[in-house]
**Q** 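Right, I'll just put the structure down here and ask away after.
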Amino acid sequence: MDLSDRVAIVTGSGRGIGRAIALRLAEAGANVVVNDVGDMAPAGEVVEEIRRLGQDSLVVPADVSQPDDVASLVDTTVEKYGKVDILVNNAGITRDQLIMRMSDDDWDKVLEINLKSVFLCSRAVLRHMMRQRWGRIVNISSIVGLIGNPGQANYSSSKAGIIGLTRTIAKEVASRGITANAIAPGFIDTPMTQQLPEERRQAIMEQVPLGFLGTPRDVAEAVAFLASEEARYITGQVLTIDGGISLGKL
Ligand code: NAP
């Protein structure tokens, strides 16, 4: 996969899956805009790593649930590189609680950061992608958006929403050479899942047919493929990367 001369934005790429995606796209030759919110030190380290790989990179702090921040993320990218070819909507949070105890704020915050951000960022880049008649949007959903999960009414709804949004974007812009696909990871070893109690992680691992948690790199490989020219005939799809856990038991 050759992404030379491509310009990519990866949201929430200071750590975890986003970081691995940013590095993988850079390995394939892309210049990568690293986005994060809060402490920018980890994002700065990702930029340094990308530069060591021989590609250009910069950090743009932005809360991707906020329209003004998203405008500044995309405008800064286009000012610096003249275009944006690849958008990876990766930023996401959890605020788990059983539905009976879930607050309005926990619902709204997760929907805003996980789903509204995908709408805002996609809308902002599409203008540029449509003009150049080439673009790739890859949205990070989750298997819980497909199968549900107790304690994650907000999160699973946001991730299911991403799938509907991805398919709609795919249909709206297919004629302009732009594809939109979603990836549904299972349990990936990142700070998000490291918050889970050790017994819960062990119990999950026992349910994974392949017998181990995925790594951020496992997800990043698929993103690099979907962002490439080789994936030009794939759009509106959901690729599950979960070691087989969503296959269920006999
Ligand atoms: P993570 O380690 O918690 O990293 C999430 C990143 O998103 C962090 O860098 C975070 O920044 C950033 N972020 C949060 N809110 C943001 C906002 N409003 N604007 C910009 N950036 C923001 O999570 P992860 O495990 O790598 O997950 C990445 C994506 O994969 C998420 O969408 C998640 O739902 C999805 N996913 C993960 C798994 C898994 O098992 N890990 C499974 C399925 C799907 P801060 O560091 O400043 O908080």
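Below, each value reflects all heavy atoms present in this structure, side chains not excepted, and no hydrogens, waters or symmetry copies. Positions are given from 1 along the sequence. Atoms within a ligand are numbered from 1 in the order they appear, just like the ligands themselves.
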**Q** Counting heavy atoms only, which part of Thr193 comes closer than 4.0 Å to ligand 1: side chain, backbone, both or neither?
**A** side chain
**Q** What do you reckon, does Asp63 have a nitrogen or oxygen under 3.5 Å from a nitrogen or oxygen of ligand 1?
**A**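 Yes; at least one N/O pair falls below 3.5 Å.
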**Q** Side chain or backbone of Lys159 under 4.0 Å from ligand 1, or both, or neither, by non-hydrogen atoms?
**A**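 Contact part for Lys159 vs ligand 1: side chain (C-beta onward).
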**Q** Can you see whether Asp63 engages Ser65 through a side-chain donor-acceptor pair at a distance of less than 3.5 angstrom?
**A** yes
**Q** Any N or O of Ile188 that comes nearer than 3.5 Å to an N or O of ligand 1?
**A** yes
**Q** Which is closest to atom 5 (C) of ligand 1 in terms of heavy atoms, Gly14, Gly92, Gly18, Ala91?
**A**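 Looking at heavy atoms only, the winner is Gly92.
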**Q** Please confirm whether Asp39 comes within less than 3.5 Å of ligand 1 when only nitrogen or oxygen atoms on both sides are compared.
**A** no
**Q** Nearest protein heavy atom to atom 47 (O) of ligand 1, by residue and atom, and its distance?
**A**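 Ranked first by proximity to atom 47 (O) of ligand 1 is Val37 O, 2.4 Å.
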**Q** If Ile, Leu, Val, Met, Phe, Trp and Tyr residues are connected whenever their side-chain heavy atoms lie under 4.5 Å apart, and connections chain through other members, are Val46 and Leu73 in the same group?
**A** no
**Q** Can you tell me if Asn114 uses its side chain to pair, donor with acceptor, with the backbone of Ile93 under 3.5 Å?
**A** yes
**Q** For atom 7 (O) of ligand 1, which protein heavy atom lies nearest, and how many Å away is it?
**A** Gly12 CA, 3.5 Å
**Q** List, one per line, each side-chain donor-acceptor pair under 3.5 Å for residues 179-187, sequence neighbours excluded.
**A**
residue	atom	partner	partner atom	Å
Asn181	OD1	Gly236	N	3.2
Asn181	OD1	Gln237	N	2.9
Asn181	ND2	Ile234	O	3.0

**Q** Does Ser65 reach ligand 1 with a nitrogen or oxygen that is under 3.5 Å from one of the ligand's nitrogen or oxygen atoms?
**A**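 No - when backbone and side-chain N and O of Ser65 are compared with those of ligand 1, no distance drops under 3.5 Å.
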**Q** Just checking, is any N or O donor in the side chain of Glu198 or Gln202 under 3.5 Å from an acceptor N or O on the other one?
**A** yes
**Q** If we only count N/O pairs under 3.5 Å, is Thr190 in contact with ligand 1?
**A**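 Yes.
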**Q** For ligand 1, is Ala62 a contact, meaning one of its heavy atoms is under 4.0 Å away?
**A**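 Contact check Ala62 vs ligand 1: positive.
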**Q** Does any N or O atom in Val64 lie less than 3.5 angstrom from one in ligand 1, N or O only?
**A**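 Yes; the residue has a nitrogen or oxygen that sits under 3.5 Å from a nitrogen or oxygen of the ligand.
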**Q** Does the side chain of Asn154 come within less than 4.5 Å of Met102's, by heavy atoms?
**A** yes
**Q** Between the side chains of Asp189 and Thr215, is a donor N or O closer than 3.5 angstrom to an acceptor N or O?
**A** no
**Q** Against ligand 1, does Ser117 come closer than 4.0 Å with any heavy atom?
**A**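 Heavy atoms of Ser117 never come under 4.0 Å of ligand 1.
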**Q** Of Ala43, Gly186, Ser142, which has the heavy atom at the shortest distance from atom 42 (C) of ligand 1?
**A**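 Selected option, by shortest heavy-atom distance: Gly186.
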**Q** Should the pair Arg232 and Trp134 be classed as cation-pi, given the thresholds of under 6.0 Å to the six-membered ring centre and 45° from the axis?
**A**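 Judged by the rule (NZ or CZ under 6.0 Å from the ring centre, within 45° of its axis), Arg232 is not positioned above Trp134.
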**Q** What protein heavy atom sits nearest atom 37 (C) of ligand 1, and how far away is it?
**A** Ile17 CD1, 3.6 Å
**Q** If you take the nearest heavy atom of each of Asp36, Thr11, Val34, Ile183, which one is closest to atom 12 (C) of ligand 1?
**A**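 Nearest option to atom 12 (C) of ligand 1, by heavy atoms: Asp36.
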**Q** Going by atom types only, do Asp69 and Gln66 share a side-chain donor-acceptor pair under 3.5 Å?
**A**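 There is no such pair between these side chains.
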**Q** Does ligand 1 have a heavy atom under 4.0 Å from the side chain of Pro42, from its backbone, from both, or from neither?
**A**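 The answer is neither; Pro42 stays 4.0 Å or more away.
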**Q** So, do Ile137 and Val125 sit near enough that their side-chain heavy atoms are less than 4.5 Å apart?
**A** yes
**Q** Just need the protein heavy atom nearest to atom 33 (C) of ligand 1, so name the residue and atom and give the distance.
**A** Tyr155 OH, 3.4 Å
**Q** I need the atoms of ligand 1 closer than 4.0 Å to a non-hydrogen atom of Phe187, numbered in the order shown.
**A** 40 (O)
**Q** Is it true that the side chains of Ser103 and Asp105 contain a donor and an acceptor less than 3.5 Å apart?
**A** no
**Q** Of the listed options (Asn139, Asn35, Ile113, Val10), which comes nearest to atom 15 (N) of ligand 1 when hydrogens are ignored and any heavy atom counts?
**A** Ile113
**Q** I'd like to check Asp85 versus Arg136 (side-chain heavy atoms, cut-off strictly below 4.5 Å). Are they in contact?
**A**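 They are not in contact (no side-chain heavy atoms under 4.5 Å apart), so the answer is no.
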**Q** Name the atoms and distances for all side-chain donor-acceptor pairs under 3.5 Å in residues 14-26, with sequence neighbours left out.
**A**
residue	atom	partner	partner atom	Å
Arg19	NH2	Glu49	OE2	2.6
Arg24	NE	Glu221	OE1	2.9
Arg24	NE	Glu221	OE2	3.2
Arg24	NH2	Glu221	OE1	3.4

**Q** Would you say the side chains of Ser72 and Asp75 form a donor-acceptor pair under 3.5 Å?
**A**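 Looking only at side-chain atoms, Asp75 and Ser72 do not form any donor-acceptor pair under 3.5 Å.
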**Q** What is the nearest protein non-hydrogen atom to atom 32 (O) of ligand 1, stated with its residue, atom name and distance?
**A**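 In this structure, atom 32 (O) of ligand 1 has Asn90 O, 2.7 Å as its nearest protein heavy atom.
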**Q** Please list the nearest protein heavy atom to atom 43 (C) of ligand 1 with its residue and the distance rounded to 0.1 Å.
**A** Pro185 O, 3.4 Å
**Q** To check your reading of the model: name the closest protein heavy atom to atom 14 (C) of ligand 1, its residue, and the distance in Å.
**A**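 Nearest protein contact, heavy atoms only, for atom 14 (C) of ligand 1 is Ile93 CG2, 3.8 Å.
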**Q** Starting from atom 48 (O) of ligand 1, find the nearest protein heavy-atom neighbour and note its residue, name and distance.
**A** Arg15 NH2, 4.0 Å
